[in-house]
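Numbers for residues simply follow the sequence, beginning at 1. Small disclaimer: the values here were computed from a predicted structure and weren't measured. Whatever order the structure lists ligands and atoms in, that order sets their numbers, starting from 1.
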Amino acid sequence: MLDQKTIEIIKSTVPVLEVHGEQITTVFYKTMFENHPELLNIFNHANQKQGKQQRALAGTVYAAAKYIDNLEAILPVVNQIAHKHRSLGILPEHYPIVGKHLLIAIKEVLGDAATDEIINAWADAYGVIADAFISVEAEMYDAAANQKGGWDGFRPFIVGNKVEESEVITSFYLKPVDGKEIAAFKPGQYISVKLEIEGEDFTHIRQYSLSDAPGKSYYRISVKKEAGLETPDGKVSNYLHSSVEEGEVLQISAPAGDFFLDTEKVTPVVLISGGVGLTPMVSMLNTVADLQPEKEVTFIHAAQNGKVHALKDEVASTAAKAKVNSVVFYDQPTEEDRENSSFDVEGYITKEWLKENVDIAQSDFYFCGPVPFMKAINAALKDLGVTDDRIHFEFFGPMASLEV
Ligand code: HEM
């Protein structure tokens, strides 16, 4: 445990570090990768370039520091990050490397203001925070490896089918090379895919939501082709689209993530997605249809138009089997969409529409999509009085804030 003096120093220096947050973490990453280039095999280079990971890590270290004498208060956040760390293969021996370079960066940015007393206090605090992550992650490693069909680290999977779902989204059906059982997962969870791309010095790891229900002999991911190679997902997603064919082997880590459908609850559920955010929602939808066909589900999907609308037939046939009301929003429908009446509502999902069409008082709401879409949905639900315990969402990419 930290002594009172150390806690006071930490709490009083958090605001200073917050001001310099991004500068410190930028120096931190630069120095750490210079000294440990092997870590570039696990970090997402594009996130570094965009500064997103800087913000996510800085934010969390300071949030943790604010609660240094009561880390339980941020346990949900620790849990969520630990899922991602476990899925990436982050190990206890990595923590001292991060700690050392964080302190080097604090010293470099704060200069003389970073006295020995302050640096020592932060070294102690980082140790406490790191221990919290390490112990949560140790349990997750055990659970992933010891569950039925589970495994440790990365396991080779062969691409069975590669199916084009829309102009921009393609599904990959993945079966284990060893032909043995695969771990069950919760609908909404993701896997990490580790890729070696020809001509690249380092491996790339990305997370993709599982897009079908659990209990099958395969995992399915449905991947969006990105416009630019330098977006966080562009490089790997585009490589999957253009160069990974049926029969190829991918390295996959066991399912992870704390965003999943509560299949115990019997109250109505509303699944809302924008674009490729539909992948975890389809997994949830297919699971409800398998396990709880009596549950009332509203499946709302927003896409630009029919050309980029993935998994349309699958959702329609699942909806027909169970108690599902499926509603499609297009904000830029094509003439063909109009002729085929392939959408229900033109425009965006609004607060007014939700109020009229879903059971606001009883439902649990799950949503995923682009950040502006998620901000709008979150604000609408809050305005309609939906309580936090019934709002569930996931970001693709580093965590961000939904405040508007
Ligand atoms: C992701 C915090 C230690 C490697 C993240 C995220 C946060 C975070 C907030 C983003 C989570 C998300 O996207 O949902 C922390 C904190 C740490 C810590 C507070 C120390 C107490 C480490 C260590 C390593 C590591 C020791 C390995 C050397 C990663 C990687 C990602 C990640 C590779 C994925 C994002 C990317 O590739 O850019 N961490 N982390 N982290 N963390 Fe950590």
Side-chain angles (χ1 to χ4, degrees), residues 10 14 17 21-22 24-26 28-29 31-33 35-68 71 74-103 105-106 122-138 140-141 154 188-190 192-195 202-209 230-233 235-236 253 256-259 280 368 371 374 393-402:
I10 294 299
V14 167
L17 295 188
E22 293 204 23
I24 292 170
T25 37
T26 305
F28 154 69
Y29 278 116
T31 330
M32 185 169 75
F33 291 144
N35 293 334
H36 291 274
E38 74 283 1
L39 291 180
L40 287 167
N41 284 310
I42 39 178
F43 278 90
N44 178 335
H45 313 182
N47 276 353
Q48 307 303 320
K49 279 188 194 143
Q50 291 200 337
K52 280 192 186 167
Q53 178 60 17
Q54 273 90 326
R55 282 193 286 276
L57 192 123
T60 312
V61 171
Y62 306 133
K66 273 184 211 163
Y67 292 94
I68 193 69
L71 281 180
I74 58 153
L75 207 54
V77 180
V78 174
N79 243 325
Q80 187 188 346
I81 299 163
H83 269 285
K84 181 133 327 155
H85 282 165
R86 202 282 292 146
S87 143
L88 287 155
I90 307 303
L91 297 170
E93 55 265 35
H94 290 128
Y95 280 85
I97 302 175
V98 164
K100 176 177 159 191
H101 291 89
L102 201 53
L103 292 181
I106 292 177
W122 274 91
D124 290 348
Y126 175 81
V128 170
I129 297 167
D131 283 348
F133 276 89
I134 291 169
S135 73
V136 172
E137 285 161 22
M140 288 182 180
Y141 276 107
F154 287 84
Q189 287 194 305
Y190 56 80
S192 283
V193 176
K194 179 156 73 175
L195 270 188
F202 299 101
T203 55
H204 295 266
I205 307 181
R206 291 296 186 281
Q207 289 72 46
Y208 294 103
S209 296
E230 294 308 327
T231 61
D233 301 318
K235 192 165 250 162
V236 173
S253 68
D258 68 346
F259 172 68
C368 184
V371 174
M374 294 188 33
F393 55 84
E394 169 154 276
F395 286 106
F396 286 167
M399 295 183 296
S401 166
L402 279 193

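When each atom of ligand 1 is checked for a heavy atom of F133 under 4.0 Å away, the hits are 19 (C), 21 (C). Set against the non-hydrogen atoms of L88, the atoms of ligand 1 under 4.0 Å away are 30 (C), 31 (C), 33 (C), 34 (C). Distances below 4.0 Å separate heavy atoms of Y126 from the following atoms of ligand 1: 20 (C), 21 (C). Using a 4.0 Å cut-off to heavy atoms of H94, the atoms of ligand 1 that qualify are 26 (C), 27 (C), 28 (C). Counting atoms of ligand 1 from 1 in the listed order, those under 4.0 Å from a heavy atom of I129 are 21 (C). Numbered from 1 in the order shown, with element, the atoms of ligand 1 that lie under 4.0 Å from a heavy atom of I42 read 33 (C), 37 (O).
Summarising the contacts of atom 41 (N) of ligand 1 with K84, H85, H83, the nearest heavy atom is found in H85. Remark: among candidates D258, L39, I81, V98, the nearest residue to atom 26 (C) of ligand 1 is V98, based on non-hydrogen atoms.
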Discussion item. Run L102 and W122 through side-chain contact (heavy atoms from CB on, under 4.5 Å) and show every step you take.
Written reply: CA-CA 9 Å; L102 201 53; W122 274 91; over 6 Å; no
Worksheet entry | CA sep, side-chain torsions, deciding dist, call: I81, T60, side-chain contact (heavy atoms from CB on, under 4.5 Å) | CA-CA 9 Å; I81 299 163; T60 312; 3.4 Å; yes
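For L88 against F154, the heavy-atom pair with the smallest separation is O-CE1, 3.9 Å. Nearest heavy-atom pair across S87 and S253 is O-OG, 2.8 Å.
Checked against the 6.0 Å centroid criterion, the rings of H36 and H101 qualify as a close aromatic pair.
Note on ring orientation: taking the six-membered ring where Trp is involved, the planes of F33 and F43 are perpendicular (angle over 60°, cut-offs 30° and 60°).
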